[in-house]
There are 2 protein chains.
Amino acid sequence: MKNKIRQLREALGMTQEQLGKMVGTSRQAINAIETEKNEPSIWLAYDIAQVFNEPIEGVFLFEESERKSRADISRRHAYGSQRD
Amino acid sequence: MKNKIRQLREALGMTQEQLGKMVGTSRQAINAIETEKNEPSIWLAYDIAQVFNEPIEGVFLFEESERKSRADISRRHAYGSQRD
DNA sequence: CTAAAATGTCACGCTAACCTTACAATGCAA
DNA sequence: TTGCATTGTAAGGTTAGCGTGACATTTTAG
């Protein structure tokens with residue numbers, strides 16, 4: 001998913017490795033998220049956002065188009081109660 | 001992790017199953033998160049928060065003590081550059 | 001140009017989130 | 001109490017995030 005990590009990170013003059021250490025993860029994990037290869041866990045997203053003093057939504061962009069596909073929920077409504 | 005899902009959900013008179021359908025997941029997944037057995041993926045957390053018109057941090061409580069343990073990052077600083 | 005730092009990637013392994021199916025327990029209304 | 005809706009859980013399987021180690025490529029400092 002798109003995010004502002006690189007931009008925010010460089011604004012603070014930090015390396016991926018430094019950021020990784022600050023949030024307790026590896027530089028590879030930071031890199032994968034930064035380059036949009038992985039989506040962060042909710043805690044990692046939170047910790048990263050905290051470093052930049054931003055809410056999660058201020059660092060990660062939740063765009064419908066970014067979704068790795070799932071059933072179209074826009075068409076779903078709570079009108080059923082078919083068994084499990 | 002602690003959250004306000006139940007409270008917000010019932011305020012809207014919804015069942016776990018209905019909420020699950022609205023965010024495109026199963027009622028069991030909603031239940032597991034509501035009862036703090038699982039932590040939501042970042043997208044699921046976002047979708048749930050959206051249903052309640054709240055930011056992620058407005059629905060999920062990120063308390064240090066809730067963390068499922070990880071190395072103490074408070075003591076970590078970016079002073080190293082030991083190889084990987 | 002050259003060495004070091006930073007970044008990009010890959011493979012392998014582990015774990016947790018989530019799905020489906022199924023059943024038990026609880027809550028509530030008739 | 002009976003019946004149904006809701007919630008709680010468990011088991012098995014799939015998938016993705018993340019760690020570690022290793023190596024290639026790119027960027028930056030001298």
Side-chain angles (χ1 to χ4, degrees), chain A residues 1-49 51 56 59-60 62 66-73 76 78-84, chain B residues 1-49 51 56 59-60 62 66-73 76 78-84:
Chain A
M1 89 201 310
K2 285 179 184 162
N3 64 78
K4 304 179 182 171
I5 298 180
R6 174 151 305 174
Q7 170 193 333
L8 293 164
R9 177 173 62 76
E10 297 187 330
L12 296 187
M14 305 174 59
T15 66
Q16 294 180 338
E17 177 161 25
Q18 291 176 327
L19 176 56
K21 279 188 177 162
M22 289 187 69
V23 300
T25 193
S26 65
R27 71 173 186 81
Q28 287 90 335
I30 296 294
N31 182 282
I33 293 167
E34 212 175 276
T35 56
E36 299 177 36
K37 294 190 177 54
N38 284 16
E39 322 230 301
S41 67
I42 192 168
W43 271 105
L44 185 49
Y46 176 74
D47 288 340
I48 291 173
V51 168
I56 292 178
V59 178
F60 300 94
F62 297 85
E66 293 292 338
R67 200 161 310 222
K68 288 204 193 305
S69 138
R70 72 154 58 165
D72 179 347
I73 68 176
R76 296 197 188 190
Y79 55 74
S81 69
Q82 304 90 316
R83 245 285 173 264
D84 265 338
Chain B
M1 86 201 313
K2 286 180 184 161
N3 63 79
K4 303 178 183 170
I5 298 180
R6 174 151 304 173
Q7 171 192 331
L8 293 165
R9 179 173 62 77
E10 297 187 330
L12 295 187
M14 306 174 58
T15 66
Q16 294 180 338
E17 179 162 24
Q18 291 175 327
L19 176 56
K21 280 188 176 162
M22 288 186 69
V23 299
T25 193
S26 67
R27 72 174 185 80
Q28 287 89 338
I30 296 294
N31 183 282
I33 293 167
E34 212 175 277
T35 57
E36 300 177 36
K37 293 189 177 55
N38 285 14
E39 321 230 303
S41 67
I42 192 169
W43 271 106
L44 185 49
Y46 175 75
D47 288 340
I48 291 172
V51 168
I56 292 178
V59 178
F60 300 94
F62 297 85
E66 295 290 338
R67 199 159 310 220
K68 287 204 194 307
S69 137
R70 74 152 59 164
D72 178 348
I73 68 177
R76 296 198 188 192
Y79 54 74
S81 67
Q82 305 88 318
R83 244 292 174 254
D84 266 336

Once you round it to whole Å, what is the distance between P of D:dT6 and CD1 of B:Ile30?
15 Å
Does A:Gln28 get its side chain close enough to the base of D:dG21, under 3.5 Å, for a donor-acceptor pair?
yes
Could you check whether A:Ser41 gets within reach of a base, just the sugar-phosphate, or nothing at all, counting any heavy atom under 4.0 Å?
sugar-phosphate
Could you tell me whether the side chain of A:Arg27 has a donor or acceptor atom within less than 3.5 Å of a complementary atom in the base of C:dG8?
yes
Atom pair distance, as rounded to whole Å: CG in B:Leu44 and P in D:dA16:
15 Å
Atom-to-atom span, CD of A:Gln16 to C1' of D:dC18 - whole angstrom:
15 Å
Which of C:dC19, D:dT7, C:dA6 is nearest the side chain of A:Thr15? It is C:dA6
Of D:dT7, C:dT9, C:dA17, the nucleotide closest to the side chain of B:Arg9 is D:dT7
Backbone N/O of A:Lys4 and side chain of A:Gln7: donor-acceptor pair under 3.5 Å:
no
The bend of the helix from C:dC1-D:dG30 to C:dA30-D:dT1, taken between the axes of its five terminal pairs at each end and rounded to 10°, is 60°
For B:Ser26, what residues pass the side-chain hydrogen bond (donor to acceptor under 3.5 Å, both in side chains) criterion, not counting sequence neighbours?
none
Send over the distance from A:Glu39 CD to D:dT15 C1', rounded to a whole Å.
13 Å
Euclidean distance, B:Asn38 CG relative to B:Asn31 CG, rounded to 0.5 Å
9.5 Å
Mind calculating the distance between CD (A:Glu17) and P (D:dT28) to the nearest angstrom?
17 Å
Is there side-chain contact between A:Ile33 and A:Phe60, with at least one heavy-atom pair below 4.5 Å?
yes
Between D:dC18, C:dC18, D:dG21, which nucleotide gets closest to the side-chain atoms of B:Ala29?
C:dC18
In whole Å, I'd like the distance from the CG atom of B:Asn3 to the P atom of C:dA17.
13 Å
Examine distances only and state if a side-chain atom of A:Arg9 and a backbone atom of A:Met14 form a donor-acceptor pair shorter than 3.5 Å.
yes
Of all the nucleotides listed (C:dC18, D:dC18, D:dG8), which has the minimum atom distance to the side chain of B:Thr35?
D:dG8
Between C1' on D:dT7 and CD on B:Glu36, what's the gap in Å once rounded to a whole number?
16 Å
Determine, stepwise, if the pair A:Thr25 / A:Trp43 fulfils side-chain contact (heavy atoms from CB on, under 4.5 Å).
CA-CA 11 Å; A:Thr25 193; A:Trp43 271 105; over 6 Å; no
Starting at CG of B:Asn31 and ending at P of C:dT20, how long is that distance when rounded to a whole Å?
15 Å
Winner on side-chain proximity to B:Arg6, out of C:dT7, D:dG8, D:dT6, is D:dG8
